[in-house]
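Down below is the structure, laid out as structure tokens.
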Amino acid sequence: MVRALPRLLAVLAVLLGTVPFAPAAGAEPGGPALTWAVQPADRHGPDGRRWIEHTLDPGEVLTEHLAVRNFSDAAVVFSLKAADGYLTDRGRFNMLPSDRPSVDGGTWIGVQPQVRVGAGATKVVPFTVTVPRDATPGDHPAGIAATVTSAGGTVAVESRVGFRVMTRVSGTIAASLAVDGLTVGYRYSWNPFAAGTVLVRYTGTNDGNVAVTGTGTVATAGLFGLGERAARADAGELLPGGGREVEVRVGKVWALGPLRTSVRLTPAVLGGDPAGAEIRPGSATVTAWALPWPQLALAALLAAVLLTSRTLLRRRRRRLAELLDRARAEGRASALVGGSGAATGKGASAAG
């Protein structure tokens, strides 16, 4: 049965999200289809939970159940595996692949290695979560999945469907966020009469011991706090030790020299009981220079136009003055010539 699995199944990603897992399905033209789902359950079947989360004491053992639903037309033998959990760059939950050893919550889960599920049937399987006596307080994410392996040429590809198992160990809970790698850039507007946009990039890092979401503000202002603008900051969901790069745009900011930009994130405990948790906000500040180049260029252009206009006007006035002086000179010369001729005529008449 495993050898007849469709080749398309080899490219299916591991579907371990924060929502109930959709059935994984694959089909190759002319070949059979294999679809299945794995869900949290009680002894009787799926119980509607999206994932499993519990707060346990060090040394405590808990028994839970999962349900494997086979939607295919033939019985299938699934491998059952658990591994440490993490969040992808897109914020989706996943579990370590089989070739990477787990060192935390994934090693606490004990489950039978395989289960055979008939065509169109559902099989409920118990599993245990055993917390080590020396376990540290906080969240220890893991995942559990039903897997099948297909042979894609010379490479065996494992496809799996499962859900999140979040174990919170009792003790001092610290919800803490740090703001790392804060950088600021300025994007000018094409319109010199409009303000630009400040591009803020940072990494929100969960340096506490529980899963959190982070929200806050990004504020930027010019010299002496002039023209302050703010925008919402968000780090999304972060597991302990995880981080995520975030970009925020703050609009309508004038470039007037030094821009002081601050990011502040406040964590909120995700899931479980946050009572008594230590809340540690994170913040960072950086100053960058943004000079009003478009406005300076426009001012320089206007100054050049004004200077050119004044120069041309002065030349025109000077030329006009020269023309007037020349006209006056010619007028005076003409008058002198006319006056001299009249005087000479009178003298001749008297002599005759």
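Remember, it's a predicted structure, so these values are computed and weren't measured experimentally.
- Rounded to the nearest 0.5 angstrom, Thr213 OG1 and Asp234 CG are separated by 8.0 Å.
- The closest side-chain donor-acceptor pair between Ser189 and Asn191, if any, does not fall under 3.5 angstrom.
- Taking the side chain as every heavy atom from C-beta outward, Ser170 and Pro58 approach each other to under 4.5 Å.
- Neither side chain, Thr203 nor Asp180, offers a donor N or O lying under 3.5 Å from an acceptor on the other.
- Leu301 is not connected to Phe193 by any chain of hydrophobic side-chain contacts under 4.5 Å among Ile, Leu, Val, Met, Phe, Trp and Tyr, and they are in different clusters.
- Heavy atoms from other residues, nucleotides or ligands lying under 6.0 Å from CG of Asp325 number more than 12.
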Problem set entry | Step-by-step side chain to side chain contact (heavy atoms under 4.5 Å, CB included) determination, Leu177 to Val179 | CA-CA 7 Å; Leu177 283 175; Val179 179; over 6 Å; no
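- Under a hydrophobic clustering in which Ile, Leu, Val, Met, Phe, Trp and Tyr are joined whenever their side-chain heavy atoms come within less than 4.5 Å, directly or via other members, Leu199 and Leu265 fall into different clusters.
- When the options Val117, Val76, Val148, Thr122 are evaluated for a side chain to side chain contact (heavy atoms under 4.5 Å, CB included) with Trp36, the one that passes is Val148.
- At a threshold of 4.5 Å between non-hydrogen side-chain atoms, the residues Val210 and Leu270 do not count as touching.
- Cluster membership for Leu66 and Val61, using ILVMFWY side-chain heavy atoms within less than 4.5 angstrom, is not shared.
- The minimum heavy-atom distance linking Ser98 with Arg160 is given by the pair N-NH1, 4.4 Å.
- The number of heavy-atom neighbours closer than 6.0 Å to CG of Asp73, taken from other residues, nucleotides and ligands shown, is 12 or below.
- Two residues are said to be in side-chain contact when any heavy atoms from C-beta on lie closer than 4.5 Å; Leu259 and Val184 fail this criterion.
- With hydrogens and angles ignored, the 3.5 Å screen pairs no side-chain donor or acceptor of Asp139 with any backbone N or O of Pro141.
- Look at Glu247 and Arg187 and you find no salt bridge, because none of the NZ, NE, NH1 or NH2 atoms lies under 4.0 Å from a carboxylate O.
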For this session: Begin from the C-alpha positions of Asp207 and Thr205 and carry the test side-chain hydrogen bond (donor to acceptor under 3.5 Å, both in side chains) through to its verdict.
Result: CA-CA 6 Å; Asp207 57 356; Thr205 303; over 6 Å; no
For this session: Evaluate the criterion side chain to side chain contact (heavy atoms under 4.5 Å, CB included) for residue pair Thr261 and Tyr202; output intermediate values, then yes/no.
Result: CA-CA 12 Å; Thr261 302; Tyr202 62 91; over 6 Å; no
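- The closest donor-acceptor contact from the side chain of Tyr186 to the backbone of Val253 lies under 3.5 Å.
- In this structure, Asp42 contributes its side chain and Gly45 its backbone to a donor-acceptor pair below 3.5 Å.
- Minimum heavy-atom separation, Val263 to Val218: CG2-CG2, 3.9 Å.
- Note that CZ of Arg264 is 8.0 Å distant from OG1 of Thr217, once rounded to the nearest 0.5 Å.
- Here the CD1-CG distance, from Ile109 to Asp84, works out to 9.0 Å after rounding to the nearest 0.5 Å.
- The nearest pair of heavy atoms linking His65 to Ile52 is O-CD1, 4.0 Å.
- Rounding to the nearest 0.5 Å places CD of Glu158 at 4.5 Å from OG1 of Thr147.
- Side chain of Arg229 to backbone of Lys252: a donor-acceptor contact under 3.5 angstrom is found.
- Under the 4.5 Å side-chain heavy-atom criterion for grouping Ile, Leu, Val, Met, Phe, Trp and Tyr, Tyr188 is connected to Trp289 within one hydrophobic cluster.
- Side-chain atoms of Leu87 and Leu238, non-hydrogen and from C-beta on, never get closer than 4.5 Å to each other.
- Shown here for Pro126 and Thr63, the closest heavy-atom pair between the two residues is CB-CG2, 4.5 Å.
- Closest approach of Val250 and Ala231 over heavy atoms only: CG2-CB, 4.0 Å.
- From Ile279, atom CD1 reaches atom OG1 of Thr266 across 9.0 Å, with rounding to the nearest 0.5 Å.
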For this session: Verify side chain to side chain contact (heavy atoms under 4.5 Å, CB included) between Arg328 and Arg332, making sure each step is shown before the conclusion.
Result: CA-CA 6 Å; Arg328 293 192 187 100; Arg332 285 195 297 268; 3.8 Å; yes
Problem set entry | Stepwise side chain to side chain contact (heavy atoms under 4.5 Å, CB included) test for Leu223 and Leu256 | CA-CA 8 Å; Leu223 195 62; Leu256 298 175; over 6 Å; no
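- Taking 4.5 Å as the limit, some side-chain heavy atom of Thr167 sits within range of a side-chain heavy atom of Val131.
- Using a 4.5 Å cut-off on side-chain heavy atoms (C-beta onward), Val269 and Arg168 make contact.
- When every heavy atom of Pro192 is checked against every heavy atom of Trp254, the shortest pair comes out as O-CZ3, 4.2 Å.
- Ser334 places no side-chain N or O within 3.5 Å of a backbone atom of Glu330 that could act as its donor or acceptor partner.
- In this structure, Val124 is not a member of the same hydrophobic cluster as Val111, with clusters built from ILVMFWY side-chain heavy atoms closer than 4.5 Å.
- Taking CG of Leu312 as the reference point, atom OG1 of Thr308 lies at 6.5 Å (rounded to 0.5 Å).
- With Arg280 contributing its side chain and Pro267 its backbone, the two residues share no donor-acceptor pair below 3.5 Å.
- No option in Arg49, Arg50, Arg43 other than Arg49 meets the salt bridge (Lys or Arg N to Asp or Glu O under 4.0 Å) test with Asp47.
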